[in-house]
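The figures that follow rest on heavy atoms only: side chains count, while hydrogens, waters and symmetry mates do not. Every number for a ligand or one of its atoms is a count from 1 in the order of the listing.
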Amino acid sequence: MADAEVIVIGGGIAGASAAFHLASYGRSVTLLERGEIGSEASGGNAGGIGALGWGHIPDLESYLTMGSLQIFRSLHLELGYDIEFRASGGLQAIQTEEQYVYARDRVLALKSRGYTLELLTTDEARGIEPELSPDLYGAMHFPLRGQADPKKTTRAFADAAVARGATVLTDCQVTGIARTIEGTYRVACTNGEFSAHRLVIAGGAWCGPLGEMLSLRIPIVPVRGQMWATQPLPPRSFHSLSSAESYAHWSQHPGWDADHPPELTHIRSNRVTRHLYGRQNRDGEIIFGGDRELVGYDYTVDASGVEVNFGHASEILPMLSGLSINRTWSGMMPFSLDGRPIIGKIPQIDDLYIVSGLASSGFGRGPMAGKLIADYVHTGNRPQVLAESDPARCVTGLA
Ligand SMILES: Cc1cc2nc3c(=O)[nH]c(=O)nc-3n(C[C@H](O)[C@H](O)[C@H](O)COP(=O)(O)OP(=O)(O)OC[C@H]3O[C@@H](n4cnc5c(N)ncnc54)[C@H](O)[C@@H]3O)c2cc1C
């Protein structure tokens with residue numbers, strides 16, 4: 001007898017959402033997390049939720065973002081978990097003429113495909129975000145973007161899963177995985193062994209090592225993101241904020257090769273662009289981050305990167321230049337080598353699923369990613385939209 005129908009490995013937003021949705025469908029599910037719920041990227045991210053609308057022909061990205069938005073809203077407003085969700089909208093600052101050309105073309109192209117965004121003049125942008133610099137060339141406005149507290153959200157999914165009958169075990173590191181001839185997964189943990197008929201890998205930046213336990217190569221690499229926060233301030237900033245600089249750069253130089261996922265800020269330790277995102281949280285801290293660097297599992301915050309990021313943020317919000325940094329932190333983002341999500345069934349072994357590769361926007365996309373994998377496990381049929389994220393394209397056996 002297996003302990004559960006499904007084991008989910010990883011208590012980040014992807015795994016917690018998968019467990020919540022599986023439990024909501026009446027499945028018996030056990031979630032195994034080596035630390036606390038949300039102890040890695042899902043608890044330490046910026047809490048930005050990206051969304052552009054469904055578009056005329058909804059693709060995986062529309063499903064992940066718009067579906068997640070709906071789940072965030074319902075977790076907060078219908079299920080009553082205070083996750084600090086706010087449909088704040090987002091502004092992306094344009095700082096140069098070159099960025100303006102990129103932004104104008106992007107807005108036109110996306111609007112023609114049915115997405116929701118606008119190009120604002122600097123005065124229009126300052127009308128809704130008064131602290132923005134008057135020196136900008138304008139801003140892109142994403143009215144559907146939102147924000148929420150990452151730790152509270154991830155924990156809310158785990159709590160909601162438990163309320164629906166799931167077992168959630170923390171301080172439970174998976175050290176080995178075996179499949180019996182009868183088709184049961186036996187998962188060895190630091191504090192016991194658990195079994196189930198189906199297994200969902202939701203290990204974020206650690207999907208690689210988890211795959212190796214099953215003799216699989218899962219091409220996900222850890223990309224270090226780092227952030228800083230000011231002291232709490234009275235409300236000064238209202239939107240999720242970002243800069244067009246990195247997007248304009250990556251549109252020309254995605255920087256993708258066999259060893260590097262696309263859209264990093266550093267290639268072989270050299271900075272290629274400045275990336276920026278942030279917001280003011282409910283505690284009043286202004287938090288920003290941006291760097292995306294491939295440094296293995298090294299969490300050491302790079303002070304020079306923080307300095308560059310603080311300078312960039314101060315160009316956009318000049319009021320920051322009079323403030324100092326109160327704390328910094330870092331986390332590991334799960335980037336697939338081709339930059340696309342890996343969500344679906346792993347073809348090499350029966351009843352094995354994965355939900356990962358959510359990269360730098362997995363907080364905003366994780367709730368729906370978890371629901372889609374839960375739908376797949378529950379029905380046995382692949383949601384059509386997951387054709388785009390099929391693990392068969394990249395997961396291989398270990399040589
Ligand atoms: C600094 C920073 C800022 C970011 N800002 C944003 C943002 O504003 N908006 C946005 O959408 N995204 C953002 N992201 C990205 C987002 O946080 C991630 O894409 C997302 O959290 C990934 O979720 P996950 O569940 O796949 O992985 P994780 O949150 O990493 O969860 C995986 C879990 O698996 C567990 N695990 C691993 N190995 C084992 C094992 N052997 N046994 C048991 N458990 C195991 C880990 O402990 C971990 O808790 C940011 C990330 C960082 C680092």
Open item on the list: Need the ligand 1 atom indices (1-based, order shown) with element for anything under 4.0 Å from a heavy-atom of Ile13.
Closed with: 23 (O), 25 (O)

Open item on the list: Show me which atoms of ligand 1 lie under 4.0 Å from any heavy atom of Glu40.
Closed with: 30 (O), 46 (C), 47 (O), 48 (C), 49 (O)

Task: Distance filter under 4.0 Å to Gln173 heavy atoms, resulting ligand 1 atoms - done: 42 (N)

Open item on the list: Just checking Trp54 against Tyr115, ring centres under 6.0 Å apart?
Closed with: no

TODO: Give the residue, atom name and distance (to 0.1 Å) of the protein heavy atom nearest atom 18 (C) of ligand 1.
DONE: Ala359 O, 3.6 Å

TODO: Could you find the nearest protein heavy atom to atom 24 (P) of ligand 1 and give me its residue, atom name and distance?
DONE: Ser42 OG, 3.8 Å

- [ ] Indicate whether any N or O donor in one side chain lies under 3.5 Å from an N or O acceptor in the other, for His378 and Arg27.
- [x] yes

Open item on the list: Tell me if a side-chain donor or acceptor on Glu5 pairs with a main-chain N or O of Ser28 at a distance below 3.5 Å.
Closed with: yes

- [ ] Indicate whether any N or O donor in one side chain lies under 3.5 Å from an N or O acceptor in the other, for His239 and Glu129.
- [x] yes

Task: Leu358: numbered ligand 1 atoms lying under 4.0 Å from its heavy atoms - done: 19 (O)

Open item on the list: Can you confirm whether Pro261 sits close enough to Leu294 that some side-chain heavy atom of one is under 4.5 Å from a side-chain heavy atom of the other?
Closed with: yes

- [ ] Supply the atom-to-atom distance Glu193 CD to Ile177 CD1, rounded to the nearest 0.5 angstrom.
- [x] 11.5 Å

TODO: For ligand 1, note which part of Met227 has a heavy atom under 4.0 Å away: side chain, backbone, both or neither.
DONE: side chain

Open item on the list: With a 3.5 Å distance limit and no angle check, can you tell me whether Ser62 reaches the backbone of Asp59 through a side-chain donor-acceptor pair?
Closed with: yes

Open item on the list: Considering Ser330, Ala18, Gly48 one by one, which has a heavy atom nearer to atom 9 (N) of ligand 1 than any of the others?
Closed with: Gly48

Task: Polar atom proximity, Glu36 to ligand 1 (N or O, under 3.5 Å) - done: no

- [ ] Just let me know how Phe363 lines up against ligand 1, side chain, backbone, both or neither, with a heavy-atom cut-off below 4.0 Å.
- [x] both

Open item on the list: I need the atoms of ligand 1 closer than 4.0 Å to a non-hydrogen atom of Gly364, numbered in the order shown.
Closed with: 10 (C), 11 (O)

Task: Best match, Leu64, Ile220, Asn45: closest heavy atom to atom 6 (C) of ligand 1 - done: Asn45

Open item on the list: Do Val187 and Leu32 make a side-chain contact, defined as non-hydrogen atoms from C-beta onward lying under 4.5 Å apart?
Closed with: yes

- [ ] Would you tell me whether Ser243 and His275 have side-chain atoms, one donor and one acceptor, within less than 3.5 Å of each other?
- [x] no

TODO: Report yes if Gly35 has an N/O atom closer than 3.5 Å to an N/O atom of ligand 1; otherwise report no.
DONE: no

- [ ] Decide whether an N or O pair under 3.5 Å exists between Ala41 and ligand 1.
- [x] yes

Task: Ring centroid separation Phe72 to Phe363 under 6.0 Å - done: yes

- [ ] Considering heavy atoms of the protein only, find what lies nearest to atom 42 (N) of ligand 1 and give residue, atom and distance to 0.1 Å.
- [x] Val174 N, 2.9 Å

Open item on the list: I need the atoms of ligand 1 closer than 4.0 Å to a non-hydrogen atom of Tyr277, numbered in the order shown.
Closed with: 1 (C), 2 (C), 3 (C), 4 (C), 5 (N)

Open item on the list: Does ligand 1 come near enough to Gly331 that some N or O of the ligand is less than 3.5 Å from an N or O of the residue?
Closed with: no

TODO: Could you see which bit of Trp329 sits under 4.0 Å from ligand 1, with heavy atoms only: side chain, backbone, both or neither?
DONE: neither

Task: Gly289 near ligand 1 by a heavy-atom separation under 4.0 Å - done: no

- [ ] If you have a sec, work out which protein heavy atom is nearest atom 36 (N) of ligand 1 and how many Å separate them, to one decimal?
- [x] Arg34 NE, 3.9 Å

Open item on the list: Counting only nitrogen or oxygen atoms and a 3.5 angstrom limit, does Leu210 reach ligand 1?
Closed with: no

Task: Of the listed options Ser360, Gly10, Ala14, Ala16, closest to atom 13 (C) of ligand 1 (non-hydrogen atoms) - done: Ser360

- [ ] Pick whichever of Arg145, Glu33, Met213, Arg224 has a heavy atom sitting closest to atom 47 (O) of ligand 1.
- [x] Glu33

TODO: Quick one: pull up CD1 in Ile94 and CG in Leu136 and give me the separation to the nearest 0.5 Å.
DONE: 8.5 Å

Open item on the list: Give me the nearest non-hydrogen protein atom to atom 37 (C) of ligand 1 as residue plus atom name, then the distance to 0.1 Å.
Closed with: Trp206 CB, 3.6 Å

Task: Modelled atom types, side-chain donor and acceptor of Glu131 and Ser237, under 3.5 Å - done: no

- [ ] Let me know which of Leu337, Ile342, Leu358 forms a side chain to side chain contact (heavy atoms under 4.5 Å, CB included) with Ile220.
- [x] Ile342

Open item on the list: Can you name the atoms of ligand 1, numbered from 1 with element, that are less than 4.0 Å from a heavy atom of Gly47?
Closed with: 8 (O)

Open item on the list: Can you confirm whether or not the ring centre of Tyr277 sits under 6.0 Å from the ring centre of Phe288?
Closed with: no

TODO: Before giving the answer on side chain to side chain donor-acceptor pair (under 3.5 Å), spell out for Glu285 and Thr230 the whole-Å C-alpha distance, their side-chain angles and the decisive distance to 0.1 Å.
DONE: CA-CA 5 Å; Glu285 292 174 313; Thr230 65; over 6 Å; no

- [ ] Using a 4.0 Å heavy-atom threshold (strictly under), name the region of Val355 that reaches ligand 1: side chain, backbone, both or neither.
- [x] neither

Open item on the list: Whether the Ser361 and Arg365 side chains hold a donor-acceptor pair (N or O, under 3.5 Å, no angle test) is what I'd like checked.
Closed with: yes

Task: Selection from Gly204, Gly12, Pro334, Ser361 by shortest heavy-atom distance to atom 22 (C) of ligand 1 - done: Pro334

Open item on the list: Both conditions, 6.0 Å and 45 degrees, for the charged tip of Arg179 above the ring of Tyr185: are they met here?
Closed with: yes

Task: Any N or O of Ser356 closer than 3.5 Å to N or O of ligand 1 - done: no

Task: Distance from atom 5 (N) of ligand 1 to nearest protein heavy atom, with residue and atom - done: Ala46 N, 3.1 Å

